[in-house]
Amino acid sequence: MTMLIIHGVPLSVHTRKVIIAAIIKKLEYQFKVVIPVVPGNPPDNWNTLSPTGMIPVLQDGDYTLADSNAICLYLDKKHPASPVLPADVRDYGRALWFDAYAGGTIFRHVVHPLFYQTVVNPNINKVATDEVVVYGVLKNVQPKILGYLESQIAGKFLVGNALTLADIAIVSNFIVYQYMGFRVDPDQYPKLARYLREIASLDVFQRALSDEKPFVEQMGLDRSFLS
């Protein structure tokens with residue numbers, strides 16, 4: 001079997017989704033670090049590998065695919081053992097919904113702006129964090145999202161009785177959220193706080209988080225929530 005190549009940043013929300021899917025399926029992969037926001041970092045053929053310029057990218061032999069959702073669906077189709085999407089049609093739809101919500105709402109409106117302001121701006125762009133933007137996200141955007149997720153948790157997993165793409169996508173966002181030093185208040189959102197803690201403690205997540213530890217520490221991010 002050809003070894004997969006995954007291009008991306010280990011702590012990336014979207015790259016981690018692909019890594020965890022590969023771990024669940026016991027697929028061997030080689031990881032190549034690509035940081036699109038750093039000038040000169042991506043390889044010369046990056047525009048060919050990733051038409052959008054974004055991460056992650058998967059290479060499977062002579063086949064190349066960009067976008068974390070497309071990659072996870074591809075891996076599930078090609079390697080159906082240990083699926084990351086449920087067989088039940090309604091659960092399948094619900095898992096895809098949470099994956100879309102994770103990327104289109106949580107990442108776009110919470111994780112990305114916070115990461116850009118607290119990590120990218122001071123460390124890469126060398127400009128000050130815009131505290132007004134951070135305050136707006138935490139006070140005006142975040143509560144509705146956390147409240148919705150709190151209302152959706154009825155058991156250990158978001159969908160069915162096993163880990164799915166829904167959990168991988170949602171928790172991956174909150175891993176980065178916590179790396180930045182933010183926390184979900186367990187008094188205000190007890191089910192969500194417990195859910196995030198329990199999913200992050202699963203072996204497949206722990207392996208991914210262990211592999212990305214050097215990168216996280218190099219960037220001076222906060223891993224204390226994992227102890």
Side-chain angles (χ1 to χ4, degrees), residues 1-79 82-85 95-96 98-108 110-112 114-116 119-120 124 163-177 179-180 199-200 204-216 218-219 221:
M1 182 184 296
T2 303
M3 181 178 291
L4 303 173
I5 300 175
I6 300 173
H7 302 261
V9 181
L11 62 81
S12 154
V13 166
H14 309 298
T15 304
R16 189 184 302 108
K17 278 172 55 181
V18 174
I19 289 173
I20 290 177
I23 292 172
I24 289 172
K25 294 176 175 298
K26 297 180 171 58
L27 302 174
E28 293 188 5
Y29 63 89
Q30 176 187 1
F31 189 81
K32 292 188 176 182
V33 175
V34 176
I35 311 175
V37 297
V38 176
N41 177 272
D44 292 339
N45 65 337
W46 184 240
N47 288 336
T48 300
L49 294 175
S50 176
T52 64
M54 299 173 70
I55 55 174
V57 168
L58 176 78
Q59 286 183 284
D60 185 7
D62 62 356
Y63 182 72
T64 301
L65 188 61
D67 180 79
S68 63
N69 188 49
I71 294 169
C72 288
L73 293 177
Y74 166 76
L75 291 177
D76 226 33
K77 192 75 170 180
K78 183 174 181 181
H79 305 280
S82 302
V84 296
L85 285 165
L96 290 180
F98 279 116
D99 179 57
Y101 186 75
T105 299
I106 301 174
F107 180 77
R108 181 177 299 172
V110 176
V111 175
H112 182 265
L114 291 178
F115 190 83
Y116 197 87
V119 178
V120 175
I124 297 175
L163 186 73
T164 68
L165 188 60
D167 306 299
I168 298 168
I170 295 290
V171 176
S172 188
N173 271 275
F174 281 96
I175 293 293
V176 176
Y177 175 85
Y179 276 161
M180 293 182 283
I199 297 299
V204 291
F205 262 92
Q206 286 296 302
R207 177 179 160 187
L209 296 176
S210 177
D211 289 346
E212 67 191 53
K213 179 180 178 181
F215 198 87
V216 172
Q218 181 182 355
M219 294 187 66
L221 299 177

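Computed over heavy atoms, backbone and side chain alike; hydrogens, waters and symmetry mates excluded.
- Rounding to the nearest 0.5 Å gives a distance of 9.0 Å between OG1 of T164 and CD1 of I24.
- The two residues I6 and V18 have their closest heavy-atom pair at CD1-CG1, 3.8 Å.
- A ring-ring contact (aromatic ring centres under 6.0 Å, His included) check over residues 12-67, counting only residues at least two apart or in different chains, returns the pairs H14-F107, Y63-Y74.
- A pairwise comparison of heavy atoms in P36 and V34 identifies CD-O, 3.4 Å as the closest pair.
- For M54, the CE atom sits in a loose shell: 12 or fewer heavy atoms of surrounding residues, nucleotides or ligands are nearer than 6.0 Å.
- Expressed to the nearest 0.5 Å, how far SG of C72 lies from CD1 of I168 amounts to 6.5 Å.
- Taking the six-membered ring for Trp and the full ring otherwise, Y177 and F174 have centroids separated by under 6.0 Å.
- L49 is listed as a side-chain neighbour of Q59, based on a closest heavy-atom distance under 4.5 Å.
- Among D167, L75, D76, the one residue that satisfies the side-chain contact (heavy atoms from CB on, under 4.5 Å) test with V84 is D76.
- At a cut-off of 3.5 Å, with distance as the only test, a side-chain donor of K17 or S68 sits close to an acceptor on the other residue.
- Between the CG atom in D99 and the CG atom in L85 there is a gap of 8.0 Å [rounded to 0.5 Å].
- Put simply, the side chain of L73 does not reach to within 4.5 Å of the side chain of K77, judged on heavy atoms.
- Counting only residues at least two apart or on different chains, the salt bridge (charged side-chain N to carboxylate O under 4.0 Å, His left out) pairs with a member in residues 43-61 are D60-K78.
- Between V110 and T105 the shortest side-chain heavy-atom distance does not fall below 4.5 Å.
- Smallest separation of non-hydrogen atoms from V57 and S50: CG2-CB, 3.5 Å.
- Rounded to the nearest 0.5 angstrom, D62 CG and T2 OG1 are separated by 8.5 Å.
- Residues L209 and R16 have side chains in contact (heavy-atom distance under 4.5 Å, counting atoms from C-beta outward).
- Each of V13, I106, V119 was compared with V176 under the side-chain contact (heavy atoms from CB on, under 4.5 Å) criterion, and only V13 meets it.
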